[in-house]
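All remarks here apply to the structure that follows.
Note: hydrogens, waters and symmetry copies are ignored here, and every other heavy atom, side chains too, is used. Note that the coordinates shown come from a computational prediction; the quantities given were computed from them, not determined experimentally. By convention in this document, chain letters (A, B, ...) are assigned in the order of the sequence lines, proteins followed by strands, and residues within each chain are numbered from 1.
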Amino acid sequence: MSELPKGYEPTDVEKSWYQAWLKAKCFEADPESEKPPYSIVIPPPNVTGILHLGHVLNNAIQDILARRARQKGFEVLWLPGTDHAGIATQTKVERQLRDEEGKTRRDIGREAFLEKVWDWKEKHGGIIIQQLKRLGCSCDWERERFTMDEEYSKWVSSVFSDLFKEGLIYRGKRMVNWCPVSLTALSDEEVIPKKQNSKLYYMKYELVETPGKFLEVATTRPETLMGDVAVAVNPKDARYGKYVGQMVKRPFPHAEIPVVADDHVDPEFGTGALKITPAHDKADFEIGLRHDLEIINVFHADATVNCAEVPELDGLDRFAARKKSAEMLDEMGLLIRVEEHENNVGFSERADVPIEPRISMQWFLKYPASEEAARAVAEGEISYRPARWAKTHGSWMDGIQDWCVSRQLWWGHRIPVWYRKEKVEELKAAESLTLANLSAGDLHVSADPPADPENWVQDPDVLDTWFSSWLWPFATMQNLDEESDLVKKFYPTTDLVTGPDIIFFWVARMIMAGYRFKGKLPFKNVFFTSIIRDLQGRKMSKSLGNSPDPIDLMDQYGADGLRFGLMRTAPIGADLRFDESQVEEGRNFANKIYNACRFRRMAGSDSRADFKAASSENLRPYHLDILAKCDDLAANQEKAYAEYRFNEIGQQLYDFLWSEFCDKFLEAVKGDLRTEASEAQRATTLGVFDAVMARYLQYLHPYMPHLTEELSLRMGYVSEGEFVMEKELPEEGLLTGVNTSDIETGQEQASAVYEAAAKLRNLKAEYRLAARKDVRFIAKTGPAWLQEEASTLALLSSSQEVTHEENYLPEQGTPGVVTPVGEIFMPLDGLIDLEAEKTRLNKEIEKIEKEVSKSKGKLSNEKFVANAKAEVVEAERARLSEWEGKLSQVQEMRKNLT
RNA sequence: GCAGGAUUAGCUCAGUUGGUAGAGCGACUCGUUUACACCGAGUAUGUCGGCGGUUCGAGUCCGUCAUCCUGUACCA
């Protein structure tokens, strides 16, 4: 074993440990194992995705849980994989096709296009996986899955076919959310409402029977006017009752349309009259149904105007058409005024353009097992953390709507439905290919294609990506129609770690699918991570360029530094504002631990010192103290893990190592390691160091896996070929068997010395003697054991010596301080600026007087004394007398100065 | 509109049965004594968003207002 280099350089260390873990198959789950199971399935990132900080946080948490579970003796399966991400991936490849070849997907055809997507997937699909490995994720890569794997796809088709046979999947012409850029229908969840500053156009329709008289309406969408088929008013609205049943003139294209009465209309809004365009608005569509109105579609699929009768508008984009329509109305004298108006507009999640309500033929799913799923979360059978998300989940389940599962895309799972060829031609022309029009013999719905494919045509649509993801917890573990050891051992999974933004998309749906298809809920706990924002509180996004590249951060600070920094500050249940200095802290922390070990190596024997060999009688207070605190740490970690308080776990690890172990313990025992110390002293201290550090590295391992492996090996805490990650946490405390009262005494003495040392340092600093090492301290009072610890106290206060002299008579004006080890004086030997000292003391007196009067006030409050707990009152009394003592002492010093 | 969350030191955040306000970063002052300047020692900084209530006592419980998030429902 060689000496350690001066600074910790994570890059190579992390790389080589990851390789070592892989080589030793540390991440592989064994379904045959006798150990109890622990499992997580990864929320599959988009196959073409690039790692961002959200992924880092999410996967760091999963890795921490997985590694901790291994240490606790579980057989762990962390099952990784990627999602084909229909729209996102298809859009990327289409863009590439356009940029490189100037072609659209239709130019090259479905088959050729899909080939291109698969090529892209092969080329870029591994990037995010490599990045997760860089982060140190201990996934079972042998079991990596992809939502479009052959076996996985069988599950998707089979589930579709089952649900169809159950009558839960149907096809129909409905008003759906249409994305005019992606040219596909979307589910309600993929529509993001955004507040928009729109305009409200007030316009008028002339009444047919009384020319010159008009009915005024208000609309935000004058460009749909060509599709108007009625004007609706509220039946209770006295102003308009007389017009119901009359006709009004639609200006372009010219037509006469009726005035109808409908409860939906709000008399308070606008003019109280609403123009009805059933083809382009969900509410209008329903009103249209109630009044049996015609449906006139005036847009193409890409939301350009499709209306040959109005050539001024025909072919225009919807927003251009909006402006133009308003102008045309104005010219005709039909536009009254335009008001600013804030409204909500639904945007397409992927393309970020307003969605267009559109009537089209789509496949829908009535959710299976929705009641059972809702109950499981409401009653806590699945626990949500933070718990409040359960409520969000519940309210979505309450208003659950059928799921539009068909997408007019090419990249995805093809809908497993075939139509008999001859039927298709006739029905397609009429756009009336409804199931009602097909007899059972004309339709083939199955996971397997028909035996005579030449006579059939498959439905051209693919399924929503989430229609495959919702099967993820079990479809990754088991092939269809095949018993698997994996699913027996590891399903249901233990924890799911994901973002609250996909509760509806994914979590809620997985619960229903798990219940329906495996008869068991898919997981026990769901942990929702923070959403990461920048320092201005904005969401991380590519377009804002405010999203730091985690790979850069890892290059700079190490994967362990990134993980630790992020985890230590990530709040539970609130957003996280990302600050790079947090990551820097993580790196500094790694370096601190590394250097503590380096110190140990320089101080003594190369091999691990055996702590048990040293009898506990040799243990000094500092030894007992750090051993006890290490045992406390273990208990506190246990508690914090039980509640998934990851920031607290990190903070505990940080405080223990930095404040307790380095700042106190190591400083206190440095004397034991000097050359003049006895061999026994040295051996004991090294033994305690190794015992504590070896354990500490195990506790830290889930947060900083690479560093802990590196140091454990270098320090001889594990032997070559052994891994910290595979070592179970010991159940016995370090101090098991040691007399409890000995421990208590030791800890009391240690903390008394630490506290006294701090006071002495303060005293030096107050007199601007912080850097002086020739300062001598004299303790006038103190416990019997002070003599033994005086040299340590001197060491900790970087003074020349601390002596214990009962008979010491301080000269007038000698500063002193009351410490837990007695009253200690600091003879000045006359090198202090008198005036500065006076000012300082005056200030001090003022401060103390304030505290004294505050405390007195409290104690003279009868109700306080009567009602407060005895120990609280006692503590207050002690505080008061302490302040009073100090006050008289300082006053004395002040007097002596003059 | 409704629901949930947040508001604590200049910044990022802790503060779990109500009982002397904490950490890290940053600022300032000292310091390179062989673990670490990715360090050590020290100092300063808080009407705990505002107002009201319960209580002997409130950052903590209740009410209310304000600001900011996040969902969700909608009126065109």
Look at R577(A) and rU12(B) and indicate whether a side-chain polar atom (N or O) is within less than 4.0 Å of OP1 or OP2. yes
On the nucleotide rU43(B), are OP1 or OP2 found under 4.0 Å from the side-chain N or O atoms that N762(A) carries? yes
Under 4.0 angstrom between N588(A) side-chain N/O and rC39(B) OP1 or OP2: yes
P atom, rU12(B) versus rG53(B): distance in rounded Å? 33 Å
How is V865(A) classified with respect to the nucleic acid when contacts are heavy atoms under 4.0 Å: base, sugar-phosphate, or nothing? nothing
Can you see whether Y622(A) engages D672(A) through a side-chain donor-acceptor pair at a distance of less than 3.5 angstrom? no
What is the distance, to the nearest angstrom, from the CE atom on M602(A) to the P atom on rC36(B)? 6 Å
Could you give the distance separating rG49(B) and rA21(B) at their P atoms, to the nearest angstrom? 15 Å
Classify D663(A) by what it touches in the nucleic acid, base, sugar-phosphate, or nothing, heavy-atom distance under 4.0 Å. sugar-phosphate
Out of rA35(B), rU70(B), rU16(B), which nucleotide sits closest to the side chain of R533(A)? rU70(B)
For I532(A) and rU70(B), give me the distance from atom CD1 to atom P, rounded to whole Å. 16 Å
Paired to rC13(B) by Watson-Crick or G-U wobble criteria (both distances under 3.5 Å) is rG22(B)
Under 4.0 Å from OP1 or OP2 of rG24(B): is there any side-chain N or O of W658(A) that close? no
Distance below 4.0 Å between K391(A) side-chain N/O and rG71(B) OP1 or OP2: no
Between Y202(A) and R337(A), is there a cation-pi geometry (under 6.0 Å to ring centre, at most 45° from the normal)? yes
Mind checking N861(A) for me? I need base, sugar-phosphate or nothing, with any heavy atom below 4.0 Å counting as a touch. sugar-phosphate
Does K592(A) get its side chain close enough to the base of rC38(B), under 3.5 Å, for a donor-acceptor pair? no
Does OP1 or OP2 of rA76(B) have a side-chain N or O of H264(A) closer than 4.0 Å? no
Heavy-atom count check: over 12 atoms from other residues, nucleotides or ligands less than 6.0 Å from E862(A) CD? no
Counting only distance, no hydrogens or angles, is the base of rA35(B) paired donor-acceptor with the side chain of E667(A) under 3.5 Å? yes
Between R533(A) and D575(A), is there a side-chain N and carboxylate O pair less than 4.0 Å apart? yes
Looking only at side-chain N and O atoms, does N591(A) come under 4.0 Å of OP1 or OP2 in rC38(B)? no
Does H341(A) place a side-chain N or O at less than 4.0 Å from the phosphate oxygens OP1/OP2 of rA76(B)? yes
By nearest-heavy-atom nucleotide on RNA chain B, the more 5' of I192(A) and A283(A) is I192(A)
Distance, C1' atom - from rC11(B) to rG26(B), rounded to whole angstrom: 7 Å
F656(A) vs V692(A), test: side-chain contact (heavy atoms from CB on, under 4.5 Å). Steps then yes/no. CA-CA 11 Å; F656(A) 176 83; V692(A) 172; 3.8 Å; yes
Report yes if a side-chain nitrogen or oxygen of R761(A) is closer than 4.0 Å to either non-bridging phosphate oxygen (OP1 or OP2) of rG42(B); otherwise report no. yes
Please step through ring pair (Phe, Tyr, Trp, His ring centres under 6.0 Å) for the pair H706(A) and Y8(A), ending with a clear verdict. CA-CA 12 Å; H706(A) 312 89; Y8(A) 177 55; 9.5 Å; no
